[in-house]
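Just so we're on the same page: letters track the sequence lines, and every chain starts at 1. Values in this document were obtained by computation on a predicted structure and should not be read as measured data.
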Number of protein chains: 2
Amino acid sequence: MATGRTHRPATRSRGIPEATVARLPLYLRALTALSERSVPTVSSEELATAAGVNSAKLRKDFSYLGSYGTRGVGYDVEYLVYQISRELGLTQDWPVVIVGIGNLGAALANYGGFASRGFRVAALIDADPAMAGKPVAGLPVRHTDELESIISDNGVSIGVIATPAGAAQQVCDRLVAAGITSILNFAPTVLSVPEGVDVRKVDLSIELQILAFHEQRKAGEEAGQGPAAAPAQPRQGTQARTAAAAASRKGPEGDVPAVMPA
Amino acid sequence: MATGRTHRPATRSRGIPEATVARLPLYLRALTALSERSVPTVSSEELATAAGVNSAKLRKDFSYLGSYGTRGVGYDVEYLVYQISRELGLTQDWPVVIVGIGNLGAALANYGGFASRGFRVAALIDADPAMAGKPVAGLPVRHTDELESIISDNGVSIGVIATPAGAAQQVCDRLVAAGITSILNFAPTVLSVPEGVDVRKVDLSIELQILAFHEQRKAGEEAGQGPAAAPAQPRQGTQARTAAAAASRKGPEGDVPAVMPA
DNA sequence: CCATCTTTGTGCACGCGTTCACAAAGGCAT
DNA sequence: ATGCCTTTGTGAACGCGTGCACAAAGATGG
């Protein structure tokens, strides 16, 4: 997972819990696959397996949307696809702008999963004048100067930020000023936005770090007993702690300046 | 957020809650920035703001690691960077393989955030023979045939899957068989893995769908009263529902195995 | 029409995560 | 030393999310 929603503590939107909303796309994907194979109905058990969740959870999730199942039979695939799509707002067309057409931006522009779900890439925007006009994924890259006009002309409300971290907040501010109210942020920075603007963050290196944590734990368990090479520094008393802190800078008990400069 | 951990319900690893582990990289990033500016100490309040979280949460998170602060003063930046890095396992080198060198795979290979956090791209692997040998991000792309040998020769335990959905499970199986125990999956599929293997999933289109949901809600509130253009199909009576369901298919009871063959 | 069987929808309990609020701890000035 | 001021660390309460387990609902066959 990448990380989550930024503000909006857990605003249960219209009674549908956030956790459920986050799973709806999962169900939708599984259902779409079934639909393509012309499967007419599916039980909560089967669908749950396909979506990788627990069947009780799935049933409870669906219960927030309404009573769309038939007891003794299951759920009608086509009907459920429609209901979930409508609930997620995918029955309408969402124009999207992608800002920052580096490797990642280009990958996003080429990503097929967008178009098939009601998202349309309205424009690709980059600050580099050399990029302007160059076609990426069939669209000419536009210069940042045009950002505001592109957004208002196309009625765009969703923006994707794929710039370097340094430029992200500035781009974000311009997007918001231009009327964007939902942002998907790939830059490794915390964006600050005014009330009413939703930000979701996807951070590639964070995901890897979380994996590393568990990986280290597995390796540690396997080898010794305790976690990792752990008991070395379990929880020091105050003075020892302070000493270690000092040591990490230079001291006699020299223990490495710690970690990367970057 | 992209979506989260797959199995392991909430295994509180060594007493550190999952939710806390997921935030540690966030703190680490903020601390690293402070470190670069040679800020010696930071209060929980300041750091929390920089990381985009609540200060009480941050203090509680740190309390799981130990008592690393000084009352009345705050936290020593360098020392904390070291402690968090160690906890996350970033003081060691993690070789990583990326499978599937399309747009996304290439973007990942070029992503600087990995190298600076202890992750080293050991190899780029693709099934297309035409890609073999072609340099991407300074590394020659290797063919899938070499997958097993690359992993064992380099002692790789973390794999990144950036293939199309159709190939993901197959690649996953080979990675696991070759000894990989942590997988970061970018393919839009539910991977099934044996016990002991961690999978984290990043799904670009799911993030957008969640944004669309909130966006729709905002638009709906603004315009009318109720949610979106909703009342159109609010919750039909049973017979109407069944009729719609029947219309969408054909046979009386045509069944089909349901769920995927794989 | 009745009995039986399947599967949904949900009441309930439990546990994790978040937040509040405050006592304890340390620094610093006098 | 002593007292004040700042900031941590955490006990406790609360709320959300999850999973169990079962009653209700509908289909199906006789």
Side-chain angles (χ1 to χ4, degrees), chain A residues 3-5 7-13 15-24 40-49 51-76 79-80 235-239 241-242 245, chain B residues 3-5 7-13 15-24 27 40-49 51-76 79-80 235 237-239 241-243 245-246 251-255 258:
Chain A
T3 26
R5 126 191 58 86
H7 77 308
R8 190 182 306 250
T11 309
R12 181 169 290 211
S13 320
I16 301 183
E18 263 303 303
T20 295
V21 173
R23 279 187 296 267
L24 290 182
T41 62
V42 65
S43 73
S44 64
E45 199 68 51
E46 294 168 315
L47 185 55
T49 305
V53 303
N54 166 307
S55 70
K57 197 187 296 188
L58 177 142
R59 286 199 300 277
K60 180 148 290 192
D61 283 342
F62 286 175
S63 79
Y64 291 115
L65 309 184
S67 285
Y68 293 152
T70 304
R71 295 172 191 234
V73 176
Y75 298 91
D76 181 274
Y79 185 67
L80 204 46
R235 238 200 200 230
Q236 312 162 291
T238 301
Q239 69 287 39
R241 211 224 97 246
T242 313
Chain B
T3 26
R5 120 192 63 85
H7 77 309
R8 192 182 305 250
T11 309
R12 181 169 292 210
S13 320
I16 301 183
E18 264 301 304
T20 296
V21 173
R23 279 188 295 267
L24 290 181
Y27 302 144
T41 63
V42 64
S43 72
S44 63
E45 199 68 51
E46 294 168 315
L47 185 55
T49 304
V53 303
N54 166 311
S55 71
K57 196 186 297 188
L58 177 142
R59 286 199 301 276
K60 179 143 287 191
D61 283 342
F62 285 175
S63 79
Y64 292 115
L65 309 184
S67 284
Y68 294 152
T70 305
R71 295 172 192 234
V73 175
Y75 298 91
D76 181 276
Y79 184 67
L80 204 47
R235 241 200 199 225
T238 301
Q239 68 287 34
R241 214 223 96 248
T242 312
E253 236 285 325
D255 55 88

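- Distances were taken from every side-chain heavy atom of A:E18 (C-beta onward) to each of D:dG17, D:dT8, C:dT18; the shortest belongs to D:dG17.
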Distances for protein N/O vs nucleotides 21-24 of chain D N/O pairs under 3.5 angstrom?
unit_1, atom_1, unit_2, atom_2, d
D:dA21, N6, A:R59, NH2, 3.4
D:dA24, N3, A:R71, NH1, 2.7

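- Rounded to whole Å, atom P of C:dG9 lies 15 Å from atom CG of A:N54.
- Remark: P of C:dG26 and OH of B:Y75 are 14 Å apart, rounded to the nearest angstrom.
- Separating the CD atom of B:E45 from the C1' atom of C:dT19 is a distance of 13 Å, rounded to the nearest angstrom.
- Picking from D:dT8, D:dG19, D:dG9 the nucleotide with the shortest atom distance to the side chain of A:K57 gives D:dG19.
- For the pair B:S63 and B:R59, the minimum side-chain heavy-atom distance is 4.5 Å or more.
- Between the CG atom of A:D76 and the P atom of D:dG26 there is a distance of 16 Å, rounded to whole Å.
- Using a 4.0 Å cut-off, no side-chain N or O of B:T70 falls inside it from OP1 or OP2 of C:dG26.
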> Given the rule in the side chain to side chain contact (heavy atoms under 4.5 Å, CB included) test, do B:T49 and B:E46 qualify, once you have shown the distances and angles that lead to the verdict?
Replying inline: CA-CA 5 Å; B:T49 304; B:E46 294 168 315; 5.8 Å; no
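- Per the geometry, CG belonging to A:L47 stands 14 Å off C1' belonging to C:dT7, to the nearest Å.
- Distance NZ/B:K60 to CG/B:N54: 11.0 Å, rounded to 0.5 Å.
- Among the nucleotides C:dG9, D:dG9, D:dT8, the one closest to any side-chain atom of B:S67 is D:dG9.
- For the residue pair B:S55 and B:S44, the shortest heavy atom distance occurs at CB-O, 3.9 Å.
- Applying the 3.5 Å distance criterion, the base of D:dG19 shares a donor-acceptor pair with the side chain of A:K60.
- Not one side-chain nitrogen or oxygen of A:Y68 sits closer than 4.0 Å to the OP1 or OP2 atom of C:dT7.
- Nucleotide D:dT10 holds its P atom 10 Å from the OH atom of B:Y64, rounded to whole Å.
- In this structure, B:S43 does not reach the D:dT7 phosphate: none of its side-chain N or O atoms is under 4.0 Å from OP1 or OP2.
- The aromatic ring centroids of B:Y68 and B:Y79 lie less than 6.0 Å from each other.
- Counting only heavy atoms from C-beta on, B:R23 has its side chain closest to C:dT18 among C:dG27, C:dG9, C:dT18.
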>> Using the rule given for side chain to side chain contact (heavy atoms under 4.5 Å, CB included), can you reason through B:L80 versus B:Y27, listing the C-alpha separation, both sets of side-chain angles and the distance that settles it, and then say yes or no?
In response: CA-CA 9 Å; B:L80 204 47; B:Y27 302 144; over 6 Å; no
Each nucleotide N or O in nucleotides 28-30 of chain C that has a protein N or O under 3.5 Å away: list the pair and distance.
none

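- Counting heavy atoms from C-beta on, the side chains of B:L24 and B:L65 come closer than 4.5 Å.
- The residue A:F62 sits apart from the nucleic acid: no heavy atom pair falls under 4.0 Å.
- Taking every heavy atom of both residues into account, A:Y64 and A:G15 meet most closely at CD2-O, 3.8 Å.
- Looking only at side-chain heavy atoms (C-beta outward), B:T70 and B:D76 stay at 4.5 Å or farther from each other.
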